[in-house]
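Data block below; observations after.
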Amino acid sequence: MSDGLARQIMFAGASGLLYPLCFPDFDVGALAWIVLVPLHFAIAGAHPRRAFWIGWLAGLIAFVGTMFWVVTAMHLYGKMPLLASYAVMILLTTYLGLYVAFYALAIAWLRNRLFAFAFFAAPFIWVSLELLRTYLLSGLPWALLGYSQYKWLPAIQIADLTGVYGVSFLVVLVNAALAEVGLWALGRFRQPGSPFPWMSPTAATLGMVMVLLYGQAQLNAGADATSPSRRDSGRSISVGLVQPNIDQAQKWDAAFRRETLDRFARLTAQVAEGSDLVVWPEAATPFLFEREPSYRLEVMALARAYNVPLLFGSPVLRHFPNGRPYLLNSAYLLSPDGVILGRYDKRHLVPFGEYIPLRPVLSFLEKLVEGIGDFEAGTVPTVLDLPIGSGADGTTVIFGVVICYEVIFPDLVREFVANGAQFMVTITNDAWFGKSAAAFQHFGMVVLRAVENRVAFARSANTGISGFIDPQGRILHATPIFTEAVVTGRIPVGRVRTFYSQQGDVFAYGCVIITALFLLTCSVRSRRVAMGERR
């Protein structure tokens, strides 16, 4: 191995190792602003083909670090053999690493043909690839770079215009600028007299200043309850969250059904008084709610006993026209008198957890993983009407529910707010993650959903993290994981009609168009150079 290749591998490995540290539960978000600098050093001067493989190595290491929890989910809870679980994790991270590989390939190609614009183009390319990752092959927008900043509130307020992609854009722009300045400094040391590269550093400086000024203005406006853009100014509701901490191994064991229901009843009693809504987590009932009359009546009686609306998750059994059964992963809302007010069916299912993609090819996986391949997706972003008070003083608040994995998809959450949701609830069962970083990563992503749409979130998780997030992304409360807990809190209701909630991923698609223009220009120049060489 040559010294040059060894250095490239070392730099690529550095970016890969730094990437997981940017996210929970390491939570060193400041590293995100330099995480791609070593990768840029690694591909400087490299042929695009080599840059591709160097980028893939960095991406593979990065996603092994952020997605290692897949082994826990598949082996410990999915009952997949340990070696097979590692194989699936490596296959998944190999695929995710390709996005970094194509990023490196594009930068190296642009540096060969449009040298002055390569670093300036970097954030457009990165965001285009993040958008592609959100939708391609069902989508897996886990650990997008913008999520690393979920605790730096001024930096993430731009998400109400751009979605999380705008935060990723700024982070990559700063990385590219630092890399370009660093490479210029090294080049100047070796070859004095080279001009300073003003374009990307100037863009990064202006971008950072504008984003932070905008962010602080939004935080100040959010603190002002009289802001004219806020609908239903000053209104809030009290929500009680139940975190039962039911062991995943016992969750569907009929022998523990009575114990599970008694635990829910006991915890509900602790949060019901004074609450406008009590929330249980995803698949809370250890039975099919519609199919077990005695247990169904028991749950309805709880709502009546405490005179409080109850939201909870439960599977729903349905049949295709040919009689074949299937399940829906659903959330029910009960009124204070125990009547079903509405139901939402989960629309974005977990591949290999709730359904098998490419079933004709991968049907053998039913033998490896328990309980998959049985669910069908819902089709409508149903919003639910929550009754507050009664009689002449009664009113209704509209809210949306996203179940588990759905909350990582920005456009999916946006649809609920566009349909009138005045606050959001997310219910989940993160027991599948075990005591890994995944539960913390999952919770951090909810912060960006709140900012994008300027709506408060209440989150109930079986094993944690449960809590509240306000429309500016402030984490008002967060429980420890794997503890039995109840939480009561007040969250604001109402909507600010953000650009993002109305228009969606316009910014990200704009980055795709600009990336295409850069690559098209580069391609045209390459052809001209090739024609000139032939002459």
Side-chain angles (χ1 to χ4, degrees), residues 4-5 7-8 11-12 15-16 19 33-59 62 97-133 145 165-166 168-188 191 194-207 507-533:
L5 179 58
R7 281 195 299 271
Q8 290 172 330
F11 280 126
S15 280
Y19 197 88
W33 301 92
I34 62 168
V35 68
L36 298 179
V37 172
L39 175 61
H40 280 282
F41 275 69
I43 62 176
H47 187 277
R49 188 180 298 109
R50 175 176 284 192
F52 176 88
W53 292 111
I54 291 170
W56 173 80
L57 175 63
L98 290 175
Y99 290 94
V100 184
F102 281 109
Y103 171 78
L105 169 66
I107 295 298
W109 192 39
L110 288 174
R111 278 178 63 80
N112 287 344
R113 299 303 182 197
L114 299 173
F115 184 84
F117 294 94
F119 287 102
F120 182 74
F124 296 98
I125 298 168
W126 185 275
V127 167
S128 299
L129 290 165
E130 284 196 340
L131 184 68
L132 181 64
R133 180 151 68 93
L145 196 51
Y165 306 107
S168 294
F169 183 95
L170 181 64
V171 173
V172 176
L173 179 59
V174 171
N175 271 272
L178 292 174
E180 185 169 25
V181 171
L183 289 169
W184 168 81
L186 288 175
R188 185 178 175 84
Q191 188 176 5
S194 58
F196 184 79
W198 291 102
M199 186 179 297
S200 63
T202 301
T205 302
L206 290 176
F507 174 81
Y509 283 107
C511 288
V512 172
I513 293 171
I514 293 172
T515 296
L517 291 175
F518 274 119
L519 297 179
L520 179 62
T521 302
C522 190
S523 179
V524 169
R525 181 166 292 189
S526 295
R527 283 199 295 269
R528 288 177 178 173
V529 169
M531 291 173 62
E533 290 175 350

**Complete:** Here the gap from Ile107 atom CD1 to Asn112 atom CG, rounded to the nearest 0.5 Å, amounts to 11.5 Å
**Asked** Which heavy atom of Val171 sits nearest a heavy atom of Asn175, and at what distance?
**Response** O-ND2, 2.8 Å
**Listed partners of Phe518 passing ring pair (Phe, Tyr, Trp, His ring centres under 6.0 Å), at least two apart** = none
Exercise answer: donor-acceptor pairs, residues 120-129 side-chain atoms, under 3.5 Å, sequence neighbours excluded:
| residue | atom | partner | partner atom | Å |
| --- | --- | --- | --- | --- |
| Trp126 | NE1 | Glu130 | OE2 | 2.9 |
| Ser128 | OG | Phe124 | O | 2.8 |
| Ser128 | OG | Cys511 | O | 3.2 |
| Ser128 | OG | Val512 | N | 3.3 |
| Ser128 | OG | Thr515 | OG1 | 3.0 |

**Message:** Suppose the criterion is side-chain hydrogen bond (donor to acceptor under 3.5 Å, both in side chains): which pairs have a residue in residues 38-51, not counting sequence neighbours?
**Reply:** Gln8-Arg50, His40-Tyr103
**Request:** Locate the shortest heavy-atom distance separating Leu39 from Ala58; write the atom from each residue and the value.
**Result:** CD1-CB, 4.1 Å
**Validation row: Leu170, Trp33 side chains within 4.5 angstrom (heavy atoms)** = yes
**Asked** Which value, rounded to the nearest 0.5 Å, describes the distance between Leu520 atom CG and Ile513 atom CD1?
**Response** 13.0 Å
**Item:** For Thr202, side chain to side chain contact (heavy atoms under 4.5 Å, CB included) partners two or more places apart
**Value:** Trp198, Leu206
**Request:** Please name all residues satisfying side chain to side chain donor-acceptor pair (under 3.5 Å) with Ser15, sequence neighbours left out, ordered by chain then number.
**Result:** none
**Asked** Can you name the side chain to side chain donor-acceptor pair (under 3.5 Å) partners of Trp109, sequence neighbours left out?
**Response** none
**Asked** Looking at residues at least two apart in the chain, or sitting in another chain, which of them share a side chain to side chain contact (heavy atoms under 4.5 Å, CB included) with Phe11?
**Response** Pro38, Phe41, Ala42
**Fill in**
Closest non-hydrogen contact found for Arg111 with Ala118 is CG-CB, 3.3 Å
**Prompt:** Which pair of heavy atoms, one from Phe52 and one from Ala101, lies closest together, and at what distance?
**Reply:** O-CB, 3.2 Å
**Request:** Identify, with sequence neighbours excluded, every residue that meets ring pair (Phe, Tyr, Trp, His ring centres under 6.0 Å) alongside Tyr19.
**Result:** Phe23, Phe63
**Item:** Heavy-atom pair with the smallest gap, counting every atom of Leu173 and Ser200
**Value:** CD1-O, 4.4 Å
**Request:** Verify side chain to side chain contact (heavy atoms under 4.5 Å, CB included) between Leu131 and Tyr509, making sure each step is shown before the conclusion.
**Result:** CA-CA 8 Å; Leu131 184 68; Tyr509 283 107; 3.6 Å; yes
**Message:** Using 0.5 Å steps for rounding, measure from the CG atom of Leu178 to the CG atom of Leu36.
**Reply:** 10.5 Å
**Prompt:** What closest approach, in Å, do Ile43 and Ala104 show between heavy atoms, and which atom pair accounts for it?
**Reply:** CD1-O, 3.9 Å
**Request:** Could you tell me which residues satisfy side chain to side chain donor-acceptor pair (under 3.5 Å) with Arg133, sequence neighbours excluded, listed by chain and number?
**Result:** none
